[in-house]
Amino acid sequence: MTYQPNQIDEIAKKIWKEQDVYRVENDFSKPKKYILDMFPYPSGAGLHVGHPLGYVASDIYSRFLRMQGYNVLHPMGFDSFGLPAEQYAIETGQHPRDTTAENIKTYRRQFDKIGLSYDWSRQVVTSDPSYYKWTQWIFSELFNSIYCNENQRAYKIDVLIKHFEDHGSNGNTAFTNQNVDEFTAAEWKLKSEKEKSDVLMSYRLAYVSYGEVNWCEALGTVLANDEVINGRSERGNHPVMKKKMRQWSLRITAYAERLLRNLDELQFADSLKDQQRNWIGKSVGATVEFKVENHKAESGIAVYTTRPDTIFGATFIVLAPEHPMVSELTSSENHEQIEAYILACKSKSEIDRQAEKTVSGQFIGSYAVHPFTKKRIPIYVAEYVLMGYGSGAIMAVPSEDERDRKFAEKFGIEIVEIFDKSGILKAEIGDKQGKLINSDFINGMSWDSGFEAVVLALEKEGQASFKTQYRLRDANFSRQRYWGEPFPILWKDDIPELVPITDLPVENADVSEITPTADGRAPQARNEAWVHAVPGFQREVDTMPAFAGSSWYFLRYMDPNNTENFVDKKVATYWNQVDVYVGGTEHAVGHLLYSRFFNMVLFDLGYISFEEPYKRLINQGMIQGRTQFVYRRNSNPNLFVSKNLIPKEQMTEYSPIRVDVSFVESDILDLKKFKAWRKEYALAEFELEDGKYVCGSEIEKMSKSKYNVVNPDTIIDKYGADTFRMYEMFLGPIEQGKPWNPLGIEGVSKFLKRFYSLYFDEAGHSRLSDLTPTSDELKSLHKVIDKVTRDMENFSFNTSVSSLMIALNELTSFKTTSSEILIPLLRVICPLAPHTAEAIWVQLGNKESIVKVKYPEANLEYLREDAIEYPVSINGKTRTKIRISADADENSAKEIVLADEVVLKWIGVQEVRKFIFVKNRMINIVVS
RNA sequence: GCGGGUGUGGUGAAAUUGGUAGACACGCUAGACUUAGGAUCUAGUGCUUCGCGGCUUGGGGGUUCGAGUCCCUCCACCCGCACCA
């Protein structure tokens, strides 16, 4: 019997199902490993060959750990709330619940087909009420918590309320990024419910506010900062504008420092850590106050600067157009121009504003007073200063900041050089080099001493303070959508209250139509009965964003059926951190930051015992598609010309058209399939080269619309699951992106066939014998055990596949039949090719699945050589090889080598100046 | 502009971390078995030279007995961030 992939797959899958081999118990007595994949959004398109790259890798690793005796938690679920399901529902009239369920089925079938070893009894689905009950519960916890700056952790809000009752706002250490007026304990008691609610709202980790949000008209919703890319929506690429709305937000900024600091401990790729660092954007500087000339207000303009040392170069002040002091500082003569300028800024979309590269601004008509020189310096309004960062105002130093310089040049403002950069090679603007000049009492200082001296001097006057600033913003948590978690919030008199935990989950309202109401409220508002279900209250009609459910799902897998708690603390302590998390880099600043935040809050509140969710992260690269093109002649739309018949300069006379990759093999188009594809091509004519139509190609992202999607199902149907798995791994290092290339797959397929025939002859009889293995056979076996075992920790499965191929080549040439070699070999290949290993295992008469059989250990004794073939170099060039006993020392080796004929020939009359002997490696002779 | 990464045969890639560059595989060439080959097996395959040999890890320079690997410099490409004061 020869290797029949489909039969093999079937045999293996049957055993796994019968013996329920992938079920994992919370067995605290066993050492654990938690291997996690980023769960997918179950889209209607199903999986393409790019998706399983990471899944296969984590599966191999999980299987390996299982065979090493670990209790391995390796679960999978579905991130099933989200926009695409909703939009599809609107288009087709189906409920997203139904299409989602349908898609999940497809995914499950595809996962099983690949042979991924998930414990499906632990599946989580974020849109399932039994799951989102706990998402709502976590929201409630966030709502009921505050962050203490002093102790750097979250507390229940009761602590803060008690503090207000006893001391008022005096001595309050709770984090806020909003303005809260001071009050005494007595004043607190006199506050109305609404007033109290408003004060507390400034501290809650989940809070509601009226603020500018990223509004996407086309999607009809607000987006989080990481969902907006260059002023456009990540999903759908629609324009995004600023809009003032009532919004729920998460106060992730409270955790900025911890999110940043902990990165050092995590095993994430440097690039990914940098992306997070960049997103958090810590900068150390100072707030400096500039008094305004002839202005009645006591406080001046607060500016944020990271370079207080440059203050003597500050020759103007710039306010953001939205800055609250703009109108009061505008002189009556300038009123009109300023109004016009601000209006112009406002009417621009984010995209236009970012695209704008020319300097613009307006003089406001009043002056600030330099805190040291007391000179009057003009105040401007300009777009390049953003209200959302720092204080929305800057002191402009044209000599040390490029944007300030451009502005100064355009408006003819004085530029004062404040650094003596003579003698410094390649001195650049703002590079902190040189000694300070023209700077009064800090003259001669370096930038950092100047920094401190300036802030300390102004601090005494109450005009400056050190300030650390983060770029990270609070996360918008409201979506004016339907297909997301409803908020567990009831409104009464403009005060939000939590739905009691006993009433959770709040399930999605049934609505006649999944579109916003006529007055622009979210779809759930259509169901009046749902909104008013609790007498005297109105339900919040917005839903949570997709990242709500995905920010804590890794915890639910540990204890998926717990109805009392989101996860039992003991169970969570046992499974603990995810040992290895595998997924794409696209979640670098979204999911990975939010889930770290959720985990930290739950840790602070004592529900779990670890602060960071993921110990190690592996980012698999993206497999791209190879799009194929045909070339249609513009002057004759029925004529398609083979690629190489078109000279480059005539290419403009043709339109390249994407064709489905399934019509093309090795760039040759199947004309029949193409003609049958669409009516308009039925009568197509072709100009062929050598009787063939050659297509063009381009590497692009795999996507339905580009007709370059390769479905794993077709590969598996043809070659079997193990060929697919091993080929994905064999393609190259896991982190690296690469185009899908079907050509190499035959090599892996052949390998598995030959591997199988090591065990069975053509008639299907076992070849195994009880012969004593030779030392060569033992060396082959233990070499591959050693190599694969070492590769596992590095996720370097491409070289594991190679080493298995080498082992097979060697054992085939030895005509090995010894079961002492072949049985361990079967266990070595098992994680990579589980179906093949299982099927052979069963056919050899075993009853218990191979899945939990112990992984072999390499015995390095077998790898030891008696003699080493030393490469001998003369002046660094390898000239010959000489076999020398492995335990030979330098002197005995020297004797042998210098007597060698070839060596002598190369040395000739020259003198041996040096003899370098690296034991077990090589020999180099230096002559001259 | 800033940050991170990559660059090795016709192709995907290896290289024990400073020690025989190109393992393994695809492709290609030749041969065998076959009615046939897009099946299987065998041999060859970095470039160059008839050969001895010479050259070769994006370019240039350096350290070293020895560099794909370390240092300097330049180039190209990919990813992320971007008026963040």
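Worth saying up front: this structure is predicted, and the values here are computed from it rather than measured. Proteins get letters first, then strands, A, B, ... in listed order; numbering begins at 1 in each.
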Practice problem: Could you tell me how the ring of A:Tyr389 sits relative to the ring of A:Tyr304: parallel (under 30°), tilted (30 to 60°) or perpendicular (over 60°)? | Solution: perpendicular
Practice problem: Would you classify A:Asp404 as touching base, sugar-phosphate or nothing, given that sugar-phosphate means primed atoms plus P, OP1 and OP2, and contacts are heavy atoms under 4.0 Å? | Solution: nothing
Quiz item: For B:G12, does either OP1 or OP2 sit under 4.0 Å from a side-chain N or O belonging to A:Arg626?
Solution: no
Self-check item: Side-chain donor/acceptor of A:Thr306 to backbone N/O of A:Gly285, under 3.5 Å
Solution: no
Practice problem: Would you indicate, yes or no, if B:A13 has its OP1 or OP2 atom less than 4.0 angstrom from a side-chain nitrogen or oxygen of A:Gln736? | Solution: yes
Exercise. Check every strand shown and say whether A:Lys919 touches a base, only sugar-phosphate, or nothing at a heavy-atom separation below 4.0 Å.
Key: nothing
Quiz item: Does a side chain donor of either A:Asp474 or A:Thr253 reach within less than 3.5 Å of an acceptor in the other side chain?
Solution: yes
Practice problem: Report the nucleotide, chosen from B:A13, B:U20, B:G19, that has the shortest atom-to-atom distance to any side-chain atom of A:Lys738. | Solution: B:A13
Quiz item: Closer to the 5' end of RNA chain B via nearest nucleotide, is it A:Ile923 or A:Leu731?
Solution: A:Leu731
Practice problem: Between B:U56 and B:G3, how far apart are the P atoms? Round to whole Å, please. | Solution: 34 Å
Quiz item: Under 4.0 angstrom, heavy atoms only, what part of the nucleic acid is A:Ser802 near: base, sugar-phosphate, or nothing?
Solution: base
Practice problem: Return no unless some side-chain N or O of A:Tyr304 is found under 4.0 Å from OP1 or OP2 of B:A85. | Solution: no
Quiz prompt | C1' gap between B:C47 and B:U8, integer Å | solution = 14 Å
Exercise. Could you work out the separation of B:U73 and B:U63 based on their C1' atoms and round it to a whole Å?
Key: 15 Å
Self-check item: ring-ring contact (aromatic ring centres under 6.0 Å, His included) between A:Tyr3 and A:Phe760, worked out
Solution: CA-CA 9 Å; A:Tyr3 187 77; A:Phe760 298 104; over 10 Å; no
Self-check item: Nucleotide of B:A85, B:A14, B:G54 approaching A:Pro733 most closely (side-chain heavy atoms)
Solution: B:A14
Identify all side-chain donor-acceptor contacts of residues 731-750 of chain A below 3.5 Å with residues at least two apart in sequence or on another chain.
unit_1, atom_1, unit_2, atom_2, d
A:Lys738, NZ, A:Pro733, O, 2.7
A:Lys738, NZ, A:Gln736, O, 3.1
A:Asn741, OD1, A:Leu743, N, 3.0
A:Glu746, OE2, A:Tyr719, OH, 2.9

Quiz item: Can you give the dot-bracket line for RNA chain B, using ( ) for pairs inside the strand, [ ] for pairs that cross earlier ones, | for pairs with another strand and . for unpaired bases, where Watson-Crick and G-U count if both distances are under 3.5 Å?
Solution: (((((((..(((......[....)))((((((.......))))))(((....)))..(((((..]....))))))))))))....
Quiz item: Which listed nucleotide (B:A21, B:A15, B:C55) is nearest to the side chain of A:Thr799?
Solution: B:A15
Below 3.5 Å between N/O atoms, which protein atoms pair up with nucleotides 64-69 of chain B? Just atom names and distances, please.
unit_1, atom_1, unit_2, atom_2, d
B:C65, OP1, A:Lys914, NZ, 3.3
B:C65, O2', A:Asn924, ND2, 3.1
B:C65, O2, A:Asn924, ND2, 2.7

Hey, can you pull the donor-acceptor pairs under 3.5 Å for the side chains in residues 872-883 of chain A, sequence neighbours left out?
unit_1, atom_1, unit_2, atom_2, d
A:Asn875, OD1, A:Val927, N, 3.0
A:Asn875, ND2, A:Val927, O, 3.3

Quiz item: With sequence neighbours excluded, what pairs up with A:Glu586 under the side-chain contact (heavy atoms from CB on, under 4.5 Å) test?
Solution: none
Exercise. When you get a sec, tell me which of B:G80, B:U17, B:A82 is the closest nucleotide to the side chain of A:Arg921?
Key: B:U17
Practice problem: Verify the ring-centre separation between A:Phe730 and A:Phe797: is it less than 6.0 angstrom? | Solution: no
Quiz item: Stepwise, does the salt bridge (charged side-chain N to carboxylate O under 4.0 Å, His left out) test hold for A:Glu698 with A:Arg626?
Solution: CA-CA 6 Å; A:Glu698 208 173 292; A:Arg626 191 158 181 274; over 6 Å; no
Quiz item: Roughly how far apart, to the nearest Å, are B:U69 and B:G22 at atom C1'?
Solution: 15 Å
Quiz prompt | Contact letters for nucleotides 25-33 of chain B, in which S counts primed atoms plus P, OP1 and OP2 and B counts the base, heavy atoms under 4.0 Å | solution = SS-------
Quiz prompt | Separation between the P atoms of B:G5 and B:U64, rounded to whole Å | solution = 28 Å
